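Just so you know, these numbers use all the heavy atoms, side chains as well, and skip hydrogens, waters and symmetry mates. Below, chain A is the first sequence line, B the second, and so on; all start at residue 1. Predicted model only: the values in this text are computed from it and were never measured.
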Amino acid sequence: MPEHAISPTREENYPEWFQQVIKAADLAEASPVRGCMVIKPWGYAIWENMQRILDRMFKETGHQNAYFPLFIPLSFLEKEAKHVEGFAKECAVVTHHRLELGPDGKLIPTGKLEEPLVVRPTSETIIGASYAKWIQSYRDLPVLINQWANVVRWEMRPRLFLRTTEFLWQEGHTAHATKEEAIEETLRMLNVYSTFAERDLAIPVVRGPKPACERFPGAEETYSIEAMMQDCKSLQAGTSHFLGQNFSRAQEIKFSNTDGNEEFCWTTSWGVSTRLIGAVIMTHSDDDGLVLPPRIAPMHVVVIPIHRSPEERDAVLAACQRVKTLVADLQFAGEPIRLRIDSRDMRGGDKVWQYIKQGVPIRLEIGPRDVAAGAVSVSRRDQPPRTKTSMPLEEFVLALPSVLEEIQQQLYDRALAFRDLHTQSFDSKEAVVAFFTPPDSGNRKSQEPMLHGGFARVHVADDPRVNEVFDPLKVTVRCIPMDGDDEPGFCIITGLATRRRSILAKSY
RNA sequence: CGGGGCGUAGCGCAGUUGGUAGCGCGCCUGGUUUGGGACCAGGAGGUCGGGAGUUCGAAUCUCCCCGCCCCGACCA
């Protein structure tokens, strides 16, 4: 048997390891349509758990769900100049509405549309058109709406979960009477995202505004949460945009204020996507496969019966049922504990490895010896695969919620320690360049560059000259972290005064 | 869209002086097994990515196309 369930290992070839984890955990696969993925039940269950938690948080902050069309008239997209520029190169366009059977049996698009329809890459424009109708008075504000939807962006280099042509997400769109209120909303939702990432996904994130060149097309300010993956690259895990009055001016989203004067609304938008599944994979998983934070794991506990004879089988299955009954009353993170007995006619070892690769937090084995002793054998996914602890059944049940909490915390702590280990402050261009230059890969088997770099905390101005310098290294300013105190300094490239350090990193 | 690599059974792969397809794993059946990826025996499964061409004969040679991976370009 190989030493690890996943080949290659993270160290040998990180991108390939990522794909193999997805395959081994049965999360998703490529589809017949280039760039699109099939999300399989195990992967979709993770998304459903994310959706449920986020949806609750959106409702708690006063938002309602609604649904807007998949198709956006071309003319809508043209309204905001920067928006057009940003998305024009990656839009799927519907030009026909009918198929006719050709002489050779092939189907031919006919019925050309008068105005082409764009498959939404995002919905600011189509939602704005509704808001323009709905909003007349200050009494109609704020409008706080979210939609769960799919979007299409015709990407050149798709990667499962990280960048696919079609993906699932939520997009919140709000309209406010004042600039202050809109900014407050933008930051509120950024906080929802960082709380969700850290508490539920066990992914530590850095929050902050993006430099101008990384802004959402049409936004005044874009804030993101950035997470460090195990290859030390940064993944933008969520964004929240303050759109100013750019879209409301373009789309005439106006209201009468208390003085009876007409004003343009201040709008925001914010979103997270199935990319978060990629973030979870690359933050927690190891060389034996997926590792899931309990709060979003489709299954918390899997019970694997071990038996030979039919008599043993009956006794063992009865014991498994007893565990299930006892656990049924328990809760973790405000939800019932998700436990499944896997009584499929398979060898125990095969099952065990399947659940290791799928990232189930706790594995329980119950065999004749356990039944006789009133005990269970417990393994945790955050511990090495062959680690097993025997304990009395009652003790296990009693401790279960806190053990799940402990695993959740352990994953967060590990990820935070990893990020801290690979975060450094630098005060010269040379030091930053050295940090991001791969070490000599001399005798390595793999073609992949060795894992290196990380987050560089550096004083840089929001200036094109900074980008020019770091472009060749493929390093960008991810965001300007907003947590912590100001630390005035001077840009290491331009010499301009800066209020605090930015995070520079290679990114997905 | 450029540069490189690849495409043969569900998965991983072998298969050049061109001769009609094989191995490992997996799957199915029977048996022996069973506390951490079992063993024996038998069996099923392939338009060799697609198309055209050269040839008596193509997985193998030529051309075109498609798809995947890596590196660029591109990308909130």
SB check R500(A) D483(A) (cutoff 4.0 Å): no

Please determine, for the side chain of E90(A), which listed nucleotide (G37(B), C75(B), C11(B)) has the closest atom? C75(B)

For nucleotides 64-69 of chain B, which of its nitrogen or oxygen atoms have a protein nitrogen or oxygen under 3.5 Å away, and what is each distance?
| residue | atom | partner | partner atom | Å |
| --- | --- | --- | --- | --- |
| C68(B) | OP2 | R34(A) | NH1 | 2.6 |

Looking at residues at least two apart in the chain, or sitting in another chain, which of them share a side chain to side chain donor-acceptor pair (under 3.5 Å) with S224(A)? E226(A)

Within residues 388-397 of chain A or reaching into it, pairs that qualify as salt bridge (charged side-chain N to carboxylate O under 4.0 Å, His left out) - sequence neighbours excluded: E365(A)-K388(A)

Using the P atoms only, state how far C28(B) lies from G15(B), rounded to an integer number of Å. 31 Å

Under 6.0 Å between ring centres, would you say that holds for F161(A) and W47(A)? no

Show me the protein contacts with nucleotides 31-33 of chain B, counting only N or O atoms at under 3.5 Å.
| residue | atom | partner | partner atom | Å |
| --- | --- | --- | --- | --- |
| U33(B) | O2 | R347(A) | NH1 | 3.3 |

Name all residues meeting the side chain to side chain donor-acceptor pair (under 3.5 Å) criterion together with T222(A); count only those two or more places apart in sequence or in a different chain, and write none if there are none. H241(A)

Base, sugar-phosphate or nothing for Y223(A)? Non-hydrogen atoms, less than 4.0 Å. nothing

Residues in side-chain contact (heavy atoms from CB on, under 4.5 Å) contact with A237(A), at least two apart in sequence or another chain: I225(A), L276(A)

Categorize K357(A) for me: base, sugar-phosphate, or nothing, with a 4.0 angstrom heavy-atom threshold over every strand shown. base

Counting any heavy atom closer than 4.0 Å, what does K388(A) reach on the DNA or RNA strands: base, sugar-phosphate only, or nothing? base

Think K79(A) forms a cation-pi with F76(A), using NZ or CZ under 6.0 Å from the six-ring centre and within 45 degrees of its axis? yes

